[in-house]
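This report refers to the structure that appears directly beneath it.
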Amino acid sequence: MMMRKKIAEMIREACETCKTKGIIPHEIDIEPIIETPREVEFGDYSTNIAFILAPKLRKNPFEIAEIIISHLNYHDVCKKVEFAGKGFINFFVKDELWRSSLLDIYRYGIDDFLPDIGKGKKVLIEFVSANPTGPLHIGHGRGAVVGDVLANILKSTGYKVVKEYYINDAGKQINTLGESTYLRWKELKGESVDYPKDFYQGVYVKEFAAELIEKNIPVSTERLEAVKQLAEYSGGKVMKGIQEDLEGFGVYFDNYFRESTLFEKGIVDETLELLKSKGLAYEKDEALWFKTGLFENDEDRVLVKSDGEKTYFASDIAYHRHKLERGFELLIDLWGSDHHGYIPRLRASLDAIAGKKDRLKVILIQFVTLLKDGKPVGMSTRAGQFTTLKDVLGEVGKDAARFFFLMRKSDAHLEFDLDLAKKTSNENPVFYVQYANARIESIFRNAEEDGIDTSIFIENEKKRDANINVNLDILTSDEEITLIKGIHQFYDVMEGCARTFEPHRLTFYLIELVGRFHSYYNKTRVLKNEIDTTISRLFLLFMLQKIIQKGLYILGVSAPERM
RNA sequence: GCGCCCAUAGCUCAAUUGGACAGAGCGUUUGACUACGAAUCAAAAGGCUGCAGGUUCGAGUCCUGCUGGGCGCACCA
């Protein structure tokens with residue numbers, strides 16, 4: 001069914017024929033790589049197989065290409081196969097096959113049309129995982145969207161995905177939040193306090209403290225007790241706020257995993273024992289060290305400090321071990337790119353514990369610079385106007401925010417132009433894509449006014465009825481074939497997104513696809529033609545809209561019918 | 001000092017596991033609404049892919065060195 005596979009099969013068959021004729025030795029494996037050429041004049045697909053075989057056969061690529069072409073049985077699929085360049089073989093697929101592929105996608109439905117890459121593999125994708133010590137900022141937002149959309153992509157391509165947020169509720173930072181709240185509380189009680197600089201400065205801490213007093217919530221007179229109590233109190237408050245922010249952003253987690261449970265269930269101790277028993281942890285200077293250097297080019301790292309405290313690294317090893325034990329075959333972590341130095345030791349630990357370092361895939365999220373009036377906005381936790389995710393969301397809306405975060409490779413620095421994101425003009429790519437959907441919707445509304453029953457497409461799809469009464473042979477113009485190819489390309493794009501874990505490819509694809517539509521729209525009239533022509537063009541737009549909507553759905557961006 | 005990432009049109013960025021003549025959008029210039037939504041389209045101009053070598057049939061992509069930027073090098077998280 002997939003065009004690319006058909007081409008690959010053809011090449012393989014031709015090579016097999018060559019093998020039986022003794023032109024190609026039997027021991028050579030044929031793994032044809034099929035590419036989509038950038039230039040239309042090079043056809044729909046091309047292969048470099050002649051280059052690959054050249055050194056093995058001790059012939060020049062030119063000759064090999066000619067031999068392969070002469071053995072290709074392509075007339076069912078291609079109108080033309082050409083030798084070009086220094087050894088490329090270019091395939092020009094028959095237009096009628098493109099047209100009928102549209103019908104294939106229609107019959108299968110988009111979901112089944114998409115490639116099955118994951119084959120049911122269980123993947124845990126952990127992202128955001130911000131400490132519950134303050135509200136989410138714009139950088140977290142980027143991670144949230146990339147993670148969420150990546151999860152959608154993997155789900156659509158055959159993975160079983162669980163989205164998880166790791167809450168660091170056991171460390172020093174959460175304790176500091178408790179201390180901070182405690183001091184603010186005392187402050188409001190009228191005591192004079194010396195508020196340390198390294199305590200949380202945000203206004204939200206004061207708000208929590210004020211609320212304690214307002215609601216008359218009793219605070220323990222014992223300082224340590226009080227700090228512990230307030231850490232929990234404020235931590236819970238912050239976490240609730242974080243969840244609300246994420247929901248406003250359209251990001252929902254399947255699971256929130258608390259670091260403290262690792263300690264409570266003894267998983268951390270168990271993991272440390274495991275490492276010790278394998279001889280991969282040793283004591284030095286009264287601390288316990290992990291032999292990172294045994295596995296990666298990295299220094300040995302401390303697991304238990306000389307004061308008996310376990311490091312964050314220790315619980316993180318336990319956490320990832322626990323992930324594996326929950327049966328996940330692929331662990332995807334999204335981190336801020338400033339944590340890149342942490343990758344080797346975590347990989348090493350997975351290697352040490354299970355010999356499975358390759359199961360870890362870390363995706364780094366580069367920083368975001370907010371631009372306002374063309375100038376960067378400060379990102380400090382002090383009360384700058386647009387520093388929190390919530391502020392940005394309120395400013396530009398969910399759709400624009402999500403889309404903008406996906407317009408860059410995640411490990412590339414992103415400039416987020418607030419003014420541009422707010423614009424409802426052609427400069428804003430979000431609207432460009434949404435507008436296409438609204439336009440198609442509008443065409444269908446007008447079609448109904450013309451008395452054309454467009455519900456037949458939808459009805460038939462539900463029944464998976466193959467006998468839809470559309471004459472696709474009418475779709476012959478370059479623009480129409482190009483559009484159909486664009487629709488077909490969705491498969492390749494999703495495959496690429498899933499293979500490379502790069503959601504931004506989908507964003508670029510949608511912009512490009514929709515561009516083809518706008519161009520077509522301006523050139524070709526859909527309605528008020530001879531009825532068969534109108535119907536077939538409506539069908540093309542129907543399929544196109546399905547792809548646009550599916551794409552937007554995966555991005556978590558709405559597809560409004562009117563704008 | 002050591003390590004990781006980045007450097008592409010005036011600006012912001014793409015470039016299909018190393019593929020063919022490096023592409024979009026914005027901005028600039030010029031055109032298209034008394035026919036389906038002009039939030040659109042058509043066309044033009046714009047480049048030694050930071051610099052210098054190397055590997056290869058082929059390099060923006062891989063290797064080495066240099067320049068300029070970001071980040072990391074804790075018994076922090």
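Here is the naming used below: chain letters follow the sequence lines, and residue numbers restart at 1 for every chain. Basis for what follows: all heavy atoms, side chains included, without hydrogens, waters or symmetry-related copies. From a predicted model like this one, the values you see are computed outputs, not experimental measurements.
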Does [X] contact [N] through a side-chain donor or acceptor facing the base, at a distance under 3.5 Å?
{"X": "A:E41", "N": "B:C21", "result": "yes"}
{"X": "A:H339", "N": "B:G72", "result": "no"}
{"X": "A:N428", "N": "B:A39", "result": "no"}
{"X": "A:H518", "N": "B:C41", "result": "no"}
{"X": "A:N48", "N": "B:G19", "result": "yes"}

Fill in the blank from the handout: Per the glycosidic torsion and the 90° limit around 0, nucleotide B:C71 is anti
Just to be sure I understand the rule, does [X] reach a base, reach only the sugar-phosphate, or reach nothing, if contact means heavy atoms closer than 4.0 Å?
{"X": "A:S46", "result": "base"}
{"X": "A:S306", "result": "base"}
{"X": "A:N297", "result": "nothing"}
{"X": "A:R408", "result": "sugar-phosphate"}

Exercise for the section: Measure from the ring center of A:Y319 to the ring center of A:F257 and say whether it is less than 6.0 Å. Expected result: yes
Exercise for the section: Compare side-chain N and O positions of A:N446 against OP1 and OP2 of B:G37 and report whether any pair is under 4.0 Å apart. Expected result: yes
